[in-house]
Structure formats: structure tokens, C-alpha cells
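Below is one structure, written out as C-alpha cells; comments come after it.
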Amino acid sequence: MRGPRLDRIDRRILQLLQADGRMTNIALARRVGISPPPCLRRMRALEAAGLIRGYHADLAPEALGFAVTVFAQIGLVSQAERDLKAFETLVLSWPEVREAHMLAGETDFLLKIVAPDWDSYQRFLSVKLTSAPNVNQVKSALMLRVSKSAPGVPLTDSDEGNAPHPVPLPAGGERVRG
């Protein structure tokens, strides 16, 4: 499935904000080559369309005392929708779990878990994870180092052959081309 068709300026706005979400509207407008008011309207339209989900600081886990990152592959006893939802709800209550992905195939979920040390992870594993309802199997993989961490998606300046198609503004707004 292809995503929405965006013009060059929309793609550049997304590209720049993905790299630096704290960029001011004035700096963003200057970098994309339009004036600040239409730049802000475009940015708000991208937010309203759900293409920009939020703005976050990229924190250093080790510097904050989380020296261990583990990827846990979870196998459940039942994959009935209500059991999957129940597990997802439980995972939401565990702050140690930073990401949870439901997968197709042998593994039902892949969890990214952070902990201060290996002993803390093992306590989480035995007290919360393996004792959780419906959990049948857990395979843990300790992260040794991060070789690449690129947030978001790979965007280019080109429309890759797509004709420009603006993201619609919320009701009452007009689309301004830069």
C-alpha cells in the first residue's frame, strides 16, 4: 500500500522535522523555501492528516541508568483477538517495555525492554512477563550495541513520479502552494 502523495515541499517539511523536531517554523520555512505562514499551515495540515504523530526528545538510555536493552520474542498460548488485546493492554502498563510489535509468524510479539542491569531484566522477566496470562514462551536477546538508529521513514525530496497531491487542510483552511 502506498502512502499519501505529497509535493516536494511537504516531503521536505517531513524530512526536516523528522531530523529535528525542535526546528522553529521560521527556520523550517527558510529551509524549504517558503514564507513562515504557509509553512505553518502545511505543517498543521500534515499533523491533522496524521502524518506527524508527535515530537519527542531522543534520550540516551545508558546516561539515564538503563544500561540493558533486551528484545524479547513472545509466544502466546492463544491468538484469539480478545487474548491478543488483553496482552497488548497488559504490555501498556509495563514502563520497561518501550516498544511492542505484533508479528505474523512463529513469534506473536516482539518487545523492546530497557532495564538498569541484567538482574533487573531477569526480575521483570520472571515476575511480570513469564507469569503473565497467556504467555507460553519468551526468547530474550540482549542488545550489545546499536549500529543504526534512524527514526521515522526514509523520505526523499522527489515525488518519485507522483503528481503533486496536497494533504487536505482541516475544514475551513486553504491550501497554499509555496
Run Val153 and Gln18 through side-chain contact (heavy atoms from CB on, under 4.5 Å) and show every step you take. CA-CA 9 Å; Val153 297; Gln18 182 171 253; 4.2 Å; yes

Side-chain heavy atoms of [X] within contact of [Y], under 4.5 Å:
| X | Y | result |
| --- | --- | --- |
| Phe71 | His101 | no |
| Ser149 | Asp58 | no |
| Leu59 | Leu64 | yes |
| Asn136 | Val77 | yes |

Which heavy atom in [X] sits nearest to a heavy atom in [Y], and how many Å separate them?
| X | Y | answer |
| --- | --- | --- |
| Leu40 | Asn25 | N-OD1, 3.3 Å |
| Ile52 | Leu17 | CD1-CD1, 3.9 Å |
| Asn134 | Ser78 | OD1-N, 2.8 Å |
| Asp10 | Arg42 | OD1-NH1, 2.9 Å |
| Arg11 | Leu155 | NH2-CD2, 4.0 Å |
| Val70 | Ser140 | CG1-CB, 3.9 Å |

Output, in order, the C-alpha distance, side-chain angles, deciding distance and verdict of side-chain contact (heavy atoms from CB on, under 4.5 Å) for Asp83 and Leu76. CA-CA 9 Å; Asp83 294 325; Leu76 301 178; 5.8 Å; no

Are [X] and [Y] linked, directly or through other ILVMFWY residues, by side chains that come within less than 4.5 angstrom of each other?
| X | Y | result |
| --- | --- | --- |
| Phe109 | Val138 | yes |
| Val91 | Met102 | yes |
| Phe66 | Leu125 | no |
| Val146 | Leu142 | no |
| Trp118 | Phe124 | yes |

Has the side chain of Arg82 got a donor or acceptor atom that lies under 3.5 Å from a matching backbone atom of Gln79?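 Checked: no pair found.
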
Other residues, nucleotides and ligands only: do more than 12 of their heavy atoms fall within 6.0 Å of CG on Asp119?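 More than 12 within 6.0 Å, yes.
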
Are there over 12 heavy-atom neighbours, none belonging to Leu103, within less than 6.0 Å of that residue's CG?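 Atom CG in Leu103 is packed in, count exceeds 12.
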
If the plane angle is over 60° it's perpendicular, under 30° parallel, otherwise tilted; pick one for Phe87 and Trp94. perpendicular

Point-to-point distance, once rounded to the nearest 0.5 Å, from [atom1] of [X] to [atom2] of [Y]:
| X | Y | atom1 | atom2 | answer |
| --- | --- | --- | --- | --- |
| Met43 | Leu28 | CE | CG | 7.0 Å |
| Leu90 | Lys85 | CG | NZ | 14.5 Å |
| Lys139 | Gln73 | NZ | CD | 6.0 Å |

Step by step, would you call Leu6 with Leu51 a side-chain contact (heavy atoms from CB on, under 4.5 Å)? CA-CA 11 Å; Leu6 306 168; Leu51 297 174; 3.9 Å; yes

As a quick check of understanding, evaluate side-chain contact (heavy atoms from CB on, under 4.5 Å) for Leu84 and Glu81, giving each step before the final call. CA-CA 5 Å; Leu84 295 170; Glu81 187 61 26; 3.9 Å; yes

Can you name the one residue among Leu111, Leu92, Val114, Leu129 that meets side chain to side chain contact (heavy atoms under 4.5 Å, CB included) with Val97?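 Single pass found, and it is Leu111.
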
